J.: 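Okay, here's the structure, questions in a sec.
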Amino acid sequence: MKRILTIQDISCFGKCSITIALPVISAMGVEGVILPTALFSTHTLFPDYKKISLSEQMMAFAEQWKNNGIKFDAIYTGYLGSIEGIDTVLSLVDMFRDENTLVFVDPVMGDNGKLYRGFDEEYVIRNRKLCECSDIIVPNLTEACMLTGTKYREDRDEAYYAALCGKLCDMGAKTAVLTGASLSEGKTGVYGMRASDRAAFNYQNDKVAASYHGTGDLFASTAAAAMVRGIAMDDAFKIASDYTAETIRATMRNPDHPWYGVDFESTLPLLIEMASKYL
Ligand code: PXL
């Protein structure tokens, strides 16, 4: 069985980061290993969250894995929460990467043109280092603009997406995939580019008139797990986009859905069905 190490926080309540990544990775038939960067009582949309940083413990855990000969087919990073957390990830990539390891980076730091609470320019600068060593980076448009020093625009077109991806590839990403990239009215999806030949690809879904917390984590963990299962990159992103869109629809259909996250639990069987067509 393939094995993914995912490095991100545990938000104990709130359905995001590891509490989404682990069930998705398991449902995809991949062994999930976690390295929590921090423990949060809830995610940071709750105004009064409590946080315990684990950045000082992370390296000791990783060293014990290394000493026991443990290896990973992929390292998938999400919300890291501190500059020390990013630095530790950079060291871990050096420690565990070999020629077959997929380094999949979701540079979680903002949305809708703004940084999440607790992050600053220094954090953005350090995140660029992660971009430089990634096989795949999957920023949303806010994150892509911040990483590349590009103005965040509301009016967007294919040339804007291609320029952003080109800059991310220039920085060192082997493949850059933008999320939330709309190519026509009423649609949204992904727009990606491979650095080797600058070939672009995209996949569009009907835009759903709602946005929920945790959907980026759902998308990234699905795509990372699909790629580790050997599904071709374009298909992996198609599955991740369709599964995320379907989960948003299912959440909207539930009149009692929580405000803080998506009902991905109800759509996990669908994910297994969708992925099985490619396996
Ligand atoms: O879903 C991204 C995420 C992960 N973890 C924490 C967050 C967020 C987004 O705000 O606050 C703690």
Side-chain angles (χ1 to χ4, degrees), residues 4-25 32 34-55 57-58 75-86 88-89 104-120 123-124 126-127 130-131 134 136-147 152 177-180 188 190 208 210-225 240-241 243-245 247-248 251 257-265 267-268:
I4 294 183
L5 167 63
T6 185
I7 311 177
Q8 44 189 323
D9 71 285
I10 296 182
S11 288
C12 298
F13 183 92
K15 300 211 259 191
C16 68
S17 40
I18 284 181
T19 60
I20 283 193
L22 205 46
V24 166
I25 289 168
I34 61 169
L35 186 57
T37 53
L39 281 176
F40 284 79
S41 53
T42 65
H43 59 54
T44 59
L45 274 197
F46 289 79
D48 55 346
Y49 64 87
K50 304 285 180 278
K51 175 183 174 186
I52 299 172
S53 173
L54 298 173
S55 55
Q57 284 77 21
M58 288 165 69
I75 299 174
Y76 151 44
T77 69
Y79 185 104
L80 299 175
S82 69
I83 287 179
E84 299 76 54
I86 300 179
T88 306
V89 168
F104 189 107
V105 173
D106 184 3
V108 180
M109 55 184 171
D111 208 356
N112 301 313
K114 291 199 211 78
L115 285 172
Y116 291 135
R117 229 147 34 107
F119 295 150
D120 57 14
Y123 190 81
V124 175
R126 203 59 126 252
N127 246 325
L130 262 186
C131 176
S134 63
I136 302 204
I137 187 160
V138 292
N140 62 29
L141 293 168
T142 302
E143 292 154 351
C145 286
M146 287 174 173
L147 286 169
Y152 179 81
V177 179
L178 305 175
T179 61
T188 188
V190 295
V208 192
S211 91
Y212 294 105
H213 214 63
T215 49
D217 304 329
L218 199 64
F219 173 85
S221 43
T222 305
S241 302
Y243 176 55
T244 306
T247 302
I248 295 173
T251 305
H257 71 76
W259 66 268
Y260 52 81
V262 280
D263 282 350
F264 74 99
E265 299 86 347
T267 54
L268 281 176

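Given the structure is predicted, the values throughout are model-derived calculations rather than measurements. Start at 1 and go down the list; that is how both ligands and their atoms are numbered. Along the sequence shown, the residues carry numbers beginning at 1.
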J.: Given the rule in the side-chain contact (heavy atoms from CB on, under 4.5 Å) test, do Thr77 and Val108 qualify, once you have shown the distances and angles that lead to the verdict?
T.: CA-CA 9 Å; Thr77 69; Val108 180; over 6 Å; no

J.: Assess whether a salt bridge exists between Lys15 and Asp217, defined as any Lys/Arg side-chain N lying under 4.0 Å from an Asp/Glu carboxylate O.
T.: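 No, Lys15 and Asp217 are not salt-bridged.
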
J.: Do Tyr79 and Thr37 pair up side chain to side chain, a donor and an acceptor below 3.5 Å, judged on atom types alone?
T.: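 No pair is found: no donor N or O on one side chain lies under 3.5 Å from an acceptor on the other.
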
J.: Within this structure, what is the CG-CE distance for the pair Asn140 and Met146, rounded to the nearest 0.5 Å?
T.: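 Asn140 atom CG to Met146 atom CE measures 9.0 Å (nearest 0.5 Å).
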
J.: Please report whether the ring centroid of Phe13 lies less than 6.0 Å from that of Tyr260.
T.: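 Centroid separation for Tyr260 and Phe13: below 6.0 Å.
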
J.: For Thr215 and Thr244, which I'm curious about, is there any donor-acceptor pair between the side chains at under 3.5 Å?
T.: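 Note: Thr215 and Thr244 side chains miss the donor-acceptor criterion.
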
J.: Less than 3.5 Å apart, N/O on ligand 1 and N/O on the protein: could you list those pairs with the distances?
T.:
{"unit_1": "ligand 1", "atom_1": "1 (O)", "unit_2": "Asp217", "atom_2": "OD2", "d": "2.7"}
{"unit_1": "ligand 1", "atom_1": "5 (N)", "unit_2": "Asp9", "atom_2": "OD1", "d": "2.8"}
{"unit_1": "ligand 1", "atom_1": "5 (N)", "unit_2": "Asp9", "atom_2": "OD2", "d": "3.4"}
{"unit_1": "ligand 1", "atom_1": "10 (O)", "unit_2": "Thr44", "atom_2": "OG1", "d": "3.3"}
{"unit_1": "ligand 1", "atom_1": "10 (O)", "unit_2": "His213", "atom_2": "NE2", "d": "3.1"}
{"unit_1": "ligand 1", "atom_1": "11 (O)", "unit_2": "Thr44", "atom_2": "N", "d": "2.9"}
{"unit_1": "ligand 1", "atom_1": "11 (O)", "unit_2": "Thr44", "atom_2": "OG1", "d": "2.6"}

